[in-house]
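Single-structure report; data block below.
Model, not experiment: these values are computed from the prediction. A, B, ... follow the sequence lines: proteins, then strands. Residue 1 opens every chain.
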Amino acid sequence: MPIITLPDGKELNFLKEVTGIEISKKISKSLAKDALIISVNGELRDLYHIIKNDCYVKIFTSKDPEGLEVIRHDAAHIMAMAVQELFPGTQVTIGPVIENGFYYDFARKEPFTSDDLKKIEKRMSEIIDKDIKTRREVWEREKAINHFKKIGEKYKAEIIESIPKNEELSIYHHGDTWHDLCRGPHLVSSGKIGKAFKLTKVSGAYWRGNSKNEMLQRIYGTGWATHKDLESYLKRIEEAEKRDHRKLGKEMDLFHFREESPGSVFWHEKGWSLFRKLINYMRAKQDAAGYKEVNTPEVLDRLLWEKSGHWEKYGANMYTTQTPDEKVFAIKPMNCPGHIHVFNQGLKSYRDLPLRITEFGKVHRYEPSGSLHGLLRVRAFTQDDAHIFCSEDQITSECLNVTNLILDIYKDLGFENVILKYADRPEVRVGNDDVWDKAEESLLKAVKETKLEYTINKGEGAFYGPKIEFVLRDAIGRDWQCGTLQVDFNLPGRLEASYIDKSGAKKIPVMLHRALFGSLERFIGILIEHYAGKFPFWISPLQTVVIPISEDFEDYAKIVYEKVKKAGISSFVDLKKHNLNYKIREHSLAKIPILLICGKKEVDTNSVTIRRLDSNKQENMELKSFIKKFSALNKIS
RNA sequence: GCCCUUGUAGCUCAGCUGGUAGAGCAAUUGAUUUGUAAUCAAUAGGUCCGCGGUUCGAAUCCGUGCGGGGGCACCA
């Protein structure tokens with residue numbers, strides 16, 4: 001006679017064992033209709049799971065994340081069922097729920113086409129219409145393995161073999177013809193999935209995520225509680241596509257890529273102007289924060305990389321070059337060794353610490369061809385890199401300084417939403433535990449003092465020290481990992497860095513690796529997408545276009561252009577033989593923040609009429625005041 | 001690197017089952033002189049990604065190489 005306690009504390013008494021279906025019926029008619037899944041003492045179960053004892057129960061509908069997850073999970077199963085009906089001989093493997101949807105990996109010789117996706121979708125729809133029932137069974141391990149082997153599902157058999165022996169093996173039957181090994185839980189019948197789903201793409205995926213294994217075919221789908229949710233998801237995707245930095249980069253004439261150098265950027269004037277502005281801005285910030293900017297060679301002898309450990313650990317990703325005298329050099333993939341050598345020049349005292357060495361260093365890394373992605377993943381990029389040489393007791397304060405600098409800079413560029421990822425000691429590491437204790441404590445303290453949201457990634461630190469990664473959230477809610485701060489007890493010693501401490505003893509400094517944006521190239525890609533190409537005035541590559549209303553006012557427009565330009569505001573005067581409307585449209589599409597319109601009125605009053613991007617309000621201002629106001633925006637604070 | 005997919009004018013894209021290319025925008029020229037998101041007309045523009053093959057004939061079919069895209073793996 002179970003007593004069922006609901007989330008609001010209400011208790012329901014039943015005379016005999018019950019299921020979630022009966023409980024929801026007892027609560028309300030609408031819940032009986034909407035119920036998808038139940039949790040019993042915190043564990044998710046099928047609605048038809050039989051409850052014999054007193055327990056806490058919560059019933060979930062499609063409005064709950066748990067409900068949505070089951071919808072997606074069932075959609076994955078029904079997709080697999082549809083695929084096996086349509087394409088006999090296809091083997092199933094795994095099919096989990098992911099963000100916004102689900103996928104299922106199949107083993108089949110012939111590739112699935114986009115037409116196949118439509119067919120599969122249609123078949124899923126039919127299965128959902130039939131509202132076939134779900135049934136759970138628990139099988140013996142041997143029985144399950146033999147069964148799946150017998151029906152030719154070698155992947156499933158392999159999965160079962162890898163499941164710990166003490167775990168229960170559940171088989172879910174969907175109707176009478178199809179079943180799958182699955183932990184569950186699942187919906188009571190296929191009709192509950194609804195129709196707010198769509199198969200989105202096919203791709204390759206390695207069996208068990210290992211590139212040594214064979215490649216399977218993965219079909220992705222997105223699934224939602226309502227059609228409205230599906231529509232708004234698809235809209236979001238469309239929105240993101242419009243912001244794609246590769247598209248905007250071309251449209252706005254910022255940069256291009258070409259075959260002759262895959263993964264390397266050809267910066268055009270406008271894109272490079274953005275680049276220079278960012279660097280100048282950071283220079284000012286770093287100067288103020290006590291950094292010393294240096295520049296180190298791009299090509300360095302192989303022997304150096306062997307000594308630093310890069311040759312062995314990172315060699316596969318390094319570009320090498322051979323000179324006519326047959327010496328082997330590597331193009332730097334990182335700046336750290338160079339900076340240590342700068343540090344090593346001249347004897348250092350504890351009074352020189354912390355010594356903050358920074359460089360806008362261009363590094364080259366041979367990334368796998370398949371990983372290249374516009375500006376976001378390139379083979380040649382500029383790091384806003386720095387290495388801070390300090391003593392152990394300076395770690396906390398230096399980490400805090402770095403963190404504050406990073407947050408300050410992100411804020412100025414329009415990213416207020418930042419989270420941190422803190423990673424501590426990995427199993428394989430160098431240095432003794434005392435030092436690690438100290439390093440982790442110092443770094444974590446800095447993390448806590450930021451008062452920002454943070455996650456702890458256990459054991460994910462670098463082998464030479466713990467690290468923080470700075471993740472920013474863009475205008476449409478996507479997360480990007482940019483800045484990084486790592487504590488290093490290893491490399492300075494390897495490359496013989498030392499300083500003389502207070503007592504006159506020679507010591508090895510701790511080195512903090514730190515990057516603000518990480519890669520300038522990548523960061524500009526993120527910026528483009530964050531602002532959808534509509535940059536704030538101060539970083540905008542072309543800030544103003546002067547437009548005369550007719551030929552009669554060209555002379556005045558030229559004067560305005562000269563004066564504006566002289567005041568440090570980038571400008572262009574459009575003297576083409578097009579009418580005003582045409583030019584406004586053209587330059588608005590080019591995302592120029594300010595258009596300066598010049599006609600009779602402006603000539604008479606020595607003024608300009610300002611048209612801001614995405615606003616059709618007209619704002620007349622004396623030319624002098626315009627220049628004063630807007631050139632002030634260009635000043636780096 | 002792996003799987004799928006894709007490469008046509010400066011850009012965006014048509015070109016069905018093989019008969020050596022077309023539109024819109026941009027460009028150029030001319031007319032229009034415009035007060036807040038496309039004035040009209042004419043002209044010019046192409047090694048159909050490279051190489052090889054099948055064929056009387058290839059942008060189209062096949063092979064291969066190189067790029068791009070979507071994923072997977074990778075991102076020290």
C1' atoms of B:rG45 and B:rA21, separation to the nearest Å: 13 Å
Regarding A:Arg611, tell me which of base, sugar-phosphate or nothing describes its non-hydrogen contacts under 4.0 Å with the strands shown. base
When rounded to the nearest 0.5 angstrom, what distance separates CD1 in A:Ile468 from NZ in A:Lys421? 13.0 Å
Check whether A:Phe381 forms a cation-pi arrangement with A:Arg379 (NZ or CZ under 6.0 Å from the six-membered ring centre, at most 45° off the ring normal). no
Among B:rU33, B:rG1, B:rU34, the one nearest any side-chain atom of A:Tyr206 is B:rG1
Let me know the distance between CZ of A:Arg379 and C1' of B:rC74, rounded to the nearest Å. 12 Å
NZ or CZ of A:Arg218 within 45° of A:Tyr103 ring axis and under 6.0 Å: yes
Could you measure between the two P atoms, the one in B:rC48 and the one in B:rC3, and give it in whole Å? 29 Å
Quick one: sort the A:Phe275 and A:Trp267 rings into parallel, tilted or perpendicular, breaks at 30° and 60°. perpendicular
Taking side-chain hydrogen bond (donor to acceptor under 3.5 Å, both in side chains) as the criterion, tell me which of A:Asp385, A:Asn335, A:Asp488 meets it with A:His513. A:Asp488
If pairing means Watson-Crick or G-U wobble with both distances under 3.5 Å, then the partner of B:rA26 is none
If the C1' atom of B:rC61 is compared with that of B:rU20, how far apart are they to the nearest Å? 16 Å
Using atom P in both nucleotides, what's the gap between B:rA58 and B:rG1 to the nearest angstrom? 32 Å
Mind checking if A:Leu589 touches a base, just sugar-phosphate, or nothing, with heavy atoms under 4.0 Å? base
Would you mind reading off the distance between A:Glu602 atom CD and B:rG35 atom C1', rounded to a whole angstrom? 8 Å
If you measure from the P atom in B:rG53 to the same atom in B:rG57, how many Å do you get, rounded? 12 Å
Within the 4.0 Å heavy-atom criterion, would you say A:Lys601 contacts the bases, only the backbone, or no part of the nucleic acid? base
If pairing means Watson-Crick or G-U wobble with both distances under 3.5 Å, then the partner of B:rA37 is none
Please evaluate the base of B:rC66 for a donor-acceptor partner in the side chain of A:Arg258 within a cut-off of under 3.5 Å? no
Counting just side-chain N and O atoms, does A:Arg246 come under 4.0 Å of either OP1 or OP2 of B:rG70? yes
Whole-Å distance between B:rG30 P and A:His578 NE2? 13 Å
Identify whether any heavy atom of A:Tyr220 sits under 4.0 Å from a base atom; if not, whether one sits that close to sugar-phosphate; answer base, sugar-phosphate or nothing. sugar-phosphate
How many whole angstroms separate atom CG of A:Asn579 from atom P of B:rA31? 17 Å
Please state how far atom CG in A:Asn210 lies from atom C1' in B:rG71, giving the value in whole angstrom units. 17 Å
RNA chain B nearest-nucleotide lookup for A:Asn620 and A:Ala462: closer to the 5′ end is A:Asn620
Considering only the C1' atoms, how many Å lie between B:rU33 and B:rA26, rounded to the nearest integer? 22 Å
Do A:Tyr103 side-chain and B:rG71 base share a donor-acceptor contact under 3.5 Å? no
Interatomic distance where CG belongs to A:Asp552 and P belongs to B:rU32 [whole Å]: 14 Å
Base-pairing mate for B:rA73 - Watson-Crick or G-U, with both contacts under 3.5 Å: none
Produce the list of close N/O pairs, under 3.5 Å, pairing protein atoms with atoms of nucleotides 5-11 of chain B; give distances to one decimal.
none

Of the nucleotides B:rG1, B:rC75, B:rG35, which has the atom closest to the A:Arg377 side chain? B:rC75
May I ask you to say what A:Asp614 touches in the nucleic acid, namely base, sugar-phosphate or nothing, with a heavy-atom cut-off under 4.0 Å? base
Looking for any heavy atom pair under 4.0 Å, which part of the strands does A:Ser114 touch: base, sugar-phosphate only, or nothing? nothing
To the nearest Å, how far apart are A:Glu521 CD and B:rC75 P? 21 Å
Do the charged groups of A:Arg236 and A:Glu238 touch, with an N to O distance under 4.0 Å? no
Tell me which residues in residues 304-316 of chain A lie within less than 4.0 Å of RNA chain B, going by non-hydrogen atoms. A:His310, A:Lys313, A:Tyr314
Just verifying a value: how many Å separate A:Ser607 OG and A:Tyr556 OH, rounded to the nearest 0.5 Å? 5.5 Å
B:rA9 and B:rC16: how far apart are their C1' atoms, nearest whole angstrom? 23 Å
Between B:rG1, B:rG67, B:rG35, spot the one nearest the side chain of A:Ile549, thanks. B:rG35
Look through every strand shown and name the nucleotide pairing with B:rC61 as Watson-Crick or G-U wobble, where both distances are under 3.5 Å. B:rG53
When the C1' atoms of B:rA44 and B:rG63 are considered, how many whole Å apart are they? 38 Å
Answer with base, sugar-phosphate or nothing: what part of the nucleic acid does A:Tyr582 contact at a heavy-atom distance below 4.0 Å? sugar-phosphate
Looking at A:His373, does any N or O in its side chain come under 4.0 Å of the phosphate oxygens OP1/OP2 on B:rG70? yes
Pairing donors with acceptors under 3.5 angstrom, does anything connect the side chains of A:Thr609 and A:Glu619? no
Count the heavy atoms of every other residue, nucleotide or ligand shown that sit under 6.0 Å from NZ of A:Lys565, and state whether that count exceeds 12. no
Report yes if at least one side-chain N or O of A:Ser211 is closer than 4.0 Å to OP1 or OP2 of B:rC2; otherwise report no. no
Can you tell me the pairing partner of B:rU17 across any strand shown, Watson-Crick or G-U wobble, with both distances under 3.5 angstrom? none
For A:Asn616 and A:Gln217, take the nucleotide of RNA chain B holding the closest heavy atom to each; which residue's nucleotide lies nearer the 5' end? A:Gln217
Measure the distance from NZ on A:Lys591 to C1' on B:rA37 and round it to the nearest whole Å. 13 Å
Does the side chain of A:Lys201 get closer than 4.0 angstrom to OP1 or OP2 of B:rG70 through an N or O atom? no
